[in-house]
Amino acid sequence: MTAAVTVRVPGKVNAGLVVGGLRRDGFHELSTLFTTVSCYDELTFTPAPRLRVTVSGPAADGVPADKSNLAAKAAVLLAARHGLDAAVNIHILKRIPTLGGMAGGSADAAAALVGCDALWGTGLDYTELSLLAAELGSDVPFCLLGGAALGWGRGELLEPLETAAPYHWVFAVADSGLSTPAVFAALDGRRKSAGLPTAAGAVPAELPSGLVRAFRGGDPRRLADELVNDFEPVALKLRPSLAETREAGLKAGALTGLLSGTGATYAFLADGAEGARAVAEGLSASGTCASVRVTQGPVPGPSIISYY
Ligand code: C5P
């Protein structure tokens, strides 16, 4: 019997995020370019009398250590589909910032699908796992896939994307996050008050074609001109201090800055590893963020790093 499975899983940033209208199911149509980045959580799954979640690590604060954790929900979903009891201890070594727009919770859910599938020998293939992933959340299918991808629908329809070279991203982590539903609602409110439509079908959600071309090319200077996130003005309104974080990153030499997902983490695209180090130093010294992560991506998705 398998005694323990450890899965390493990366966070992500959206190099492009264009938000369309609100659908009847409560989700927005969107068009996005996801890329994983080398900031990893590590989850260890061990058999236990009942489902239990423990959390440690630099980003552990505020992560629920109970059944409400998305990793626990993933384990329960997988177990239920196989008539099993989710009798597993999930330990999360948390490094991906929470409520930061880096899909930390979704990454842990993807890792739990992979880890519990290995622990229980349920033997699902990628397609079966990705259907479960979509039930758990809009970003979970991408977290399961890894690498980089274009995303449509509510973010669950994916087409893998290659790049000629990895990019260097530096993240400025805020001292508190922003709620994803609140940021979506604020964007709708802003559109309504400007007299713009908000319903699905009435708002186009298409990424600029230059973004996809630039991303494939691998040149960060070209990519920097194309990054887009529709949530940026909304997040700056909800959290005006993000403007100072942005300034600090740019002053430290970032090619450009961009809100990560729905925030409140801010992502900076740097010119190579040297540039990334300089941006990180400048941000740390600026006092405009709680912590800094230096990464590169795309990187592969969840991988089993220990199995015995
Ligand atoms: O899918 P997920 O659980 O991550 O979504 C959390 C919330 O974010 C949804 O309940 C919805 O309010 C909002 N959302 C959205 N449109 C999307 C994805 C998320 O409105 N495409």
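As the structure lists them, so they are numbered: ligands from 1, and atoms in each ligand from 1. Excluded from the calculations below are hydrogen atoms, water molecules and symmetry mates; all remaining heavy atoms, backbone and side chain alike, are included. Remember, predicted model here, so these are calculated numbers, not experimental data. Residue numbers count from 1 along this sequence.
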A.B. asks: Verify, without hydrogens or angle tests, whether Asp41 (side chain) and Ile96 (backbone) share a donor-acceptor contact under 3.5 angstrom.
C.D. replies: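 Checked: pair present.
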A.B. asks: Ring of Phe171, cation from Arg293 - is the NZ or CZ under 6.0 Å from the centre and inside 45° of the axis?
C.D. replies: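 Judged by the rule, Arg293 and Phe171 form no cation-pi pair.
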A.B. asks: Atom CG of Leu238 and atom CZ of Phe231: how far apart are they, to the nearest 0.5 Å?
C.D. replies: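 Reported value, rounded in 0.5 Å steps: 11.0 Å.
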A.B. asks: In a check of salt bridge (charged side-chain N to carboxylate O under 4.0 Å, His left out) between Asp108 and each of Lys73, Lys94, Arg8, which one passes?
C.D. replies: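 Result for salt bridge (charged side-chain N to carboxylate O under 4.0 Å, His left out) with Asp108: Lys94.
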A.B. asks: Output the set of protein residues with a heavy-atom contact under 4.0 Å to ligand 1, ordered first by chain identifier and then by residue number.
C.D. replies: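 Within 4.0 Å of ligand 1, the protein residues are Gly26, Phe27, His28, Leu30, Gly137, Ser138, Arg154, Thr180, Pro181, Phe184.
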A.B. asks: Using a strict threshold of under 4.0 Å (side-chain N to carboxylate O), is an ion pair present between Asp219 and Arg221?
C.D. replies: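 Between Asp219 and Arg221 there is no salt bridge, as every charged N stays at least 4.0 Å from the carboxylate O atoms.
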A.B. asks: For Tyr308, what are the other residues in its hydrophobic cluster, where any two members join if their side-chain heavy atoms are less than 4.5 angstrom apart?
C.D. replies: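 Its cluster partners, ordered by chain and number, are none at all.
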